[in-house]
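Fair warning: this is a prediction, and the values are worked out from it, not measured in the lab. Throughout, residue positions are numbered sequentially from 1 according to the sequence presented.
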Amino acid sequence: MPAKSRIRKGVENMKINRKLVAGLVTAGALVLPFAASALTIDNVGGTLTLGSADLKETVLNIITFVLGLLGLIAVIMILYGGFVWLTAGGNEDKVGSAKKIISAAIVGLIVILLSWAIVNFVVKSTVNVTGG
């Protein structure tokens, strides 16, 4: 592959990444005011369903919440990869890129699910061993 075509392909990939980053920043700017108003200092425990729960339950709730957000991001990336594939129009480079996005998102989703299972196993085993 000539150097000019590799450079051109790199520039095209940068344009896609810029569009993705711009979309994520816009989505964050739209969601942030609502999230900030919901998470005031007075009701953080109530919003995250922490309340006056035990420490292990609080940690498990926080980890579950974070892993849920990561799972949502992985599903969104799968949908994005499907959209790229759908709009490829027969272009093999775009189809290959879409396959890479989808496979990476699926691997990420598997890692997230396994980490959730490991955390639940460790917490429940610790509770059984310590008698708490």
Side-chain angles (χ1 to χ4, degrees):
M1 178 179 274
K4 286 186 179 181
S5 63
R6 279 186 277 159
I7 293 172
R8 183 171 292 143
K9 188 174 182 179
V11 170
E12 289 174 2
N13 287 339
M14 286 178 26
K15 288 180 184 176
I16 291 172
N17 291 338
R18 286 181 186 165
K19 290 178 184 177
L20 180 64
V21 169
L24 290 175
V25 168
T26 303
L30 292 174
V31 172
L32 187 62
F34 298 110
S37 66
L39 293 175
T40 59
I41 297 298
D42 296 334
N43 68 351
V44 170
T47 303
L48 296 178
T49 65
L50 301 178
S52 60
D54 189 30
L55 179 62
K56 68 175 174 53
E57 293 175 14
T58 303
V59 170
L60 193 58
N61 285 340
I62 290 172
I63 291 172
T64 303
F65 179 75
V66 170
L67 290 176
L69 283 178
L70 291 174
L72 179 65
I73 291 170
V75 169
I76 289 171
M77 290 304 295
I78 291 171
L79 292 173
Y80 172 71
F83 177 76
V84 169
W85 195 337
L86 186 69
T87 59
N91 186 350
E92 291 298 323
D93 290 336
K94 286 187 179 181
V95 171
S97 173
K99 286 180 181 179
K100 287 180 185 177
I101 292 170
I102 292 172
S103 62
I106 289 174
V107 168
L109 194 59
I110 291 170
V111 168
I112 291 166
L113 290 173
L114 287 175
S115 64
W116 176 80
I118 290 169
V119 166
N120 276 331
F121 174 76
V122 168
V123 167
K124 291 183 193 237
S125 296
T126 306
V127 168
N128 290 337
V129 169
T130 59

Side chain proximity check, S97 to I101, heavy atoms < 4.5 angstrom: yes
Hydrophobic cluster identity match, L72 and L70, side-chain contacts under 4.5 Å: no
Atom pair CD1/CG of I112 and L69 - distance to nearest 0.5 Å: 10.0 Å
Distance, nearest 0.5 Å, that separates NZ of K100 from CD1 of I102: 13.0 Å
ILVMFWY cluster membership beyond F83 - transitive side-chain contacts under 4.5 angstrom: none
Same apolar cluster (I L V M F W Y, side chains within < 4.5 Å links), W85/I78: yes
Closest non-hydrogen atom pair, G81 against A98: O-CB, 3.3 Å
Nearest non-hydrogen partners of T64 and L60, listed with the distance: OG1-O, 2.7 Å
Beyond-backbone contact of L114 with V111, side-chain heavy atoms, under 4.5 angstrom: no
Nearest-0.5 Å distance, CD1 of residue I110 to OG of residue S115: 12.0 Å
Minimal non-hydrogen separation, L67 against W116, with atom names: CD1-CA, 3.6 Å
Shortest non-hydrogen contact from L109 toward A74: CD1-CB, 3.9 Å
Intermediate values then yes/no, side chain to side chain contact (heavy atoms under 4.5 Å, CB included), V123 and T126: CA-CA 5 Å; V123 167; T126 306; 5.7 Å; no
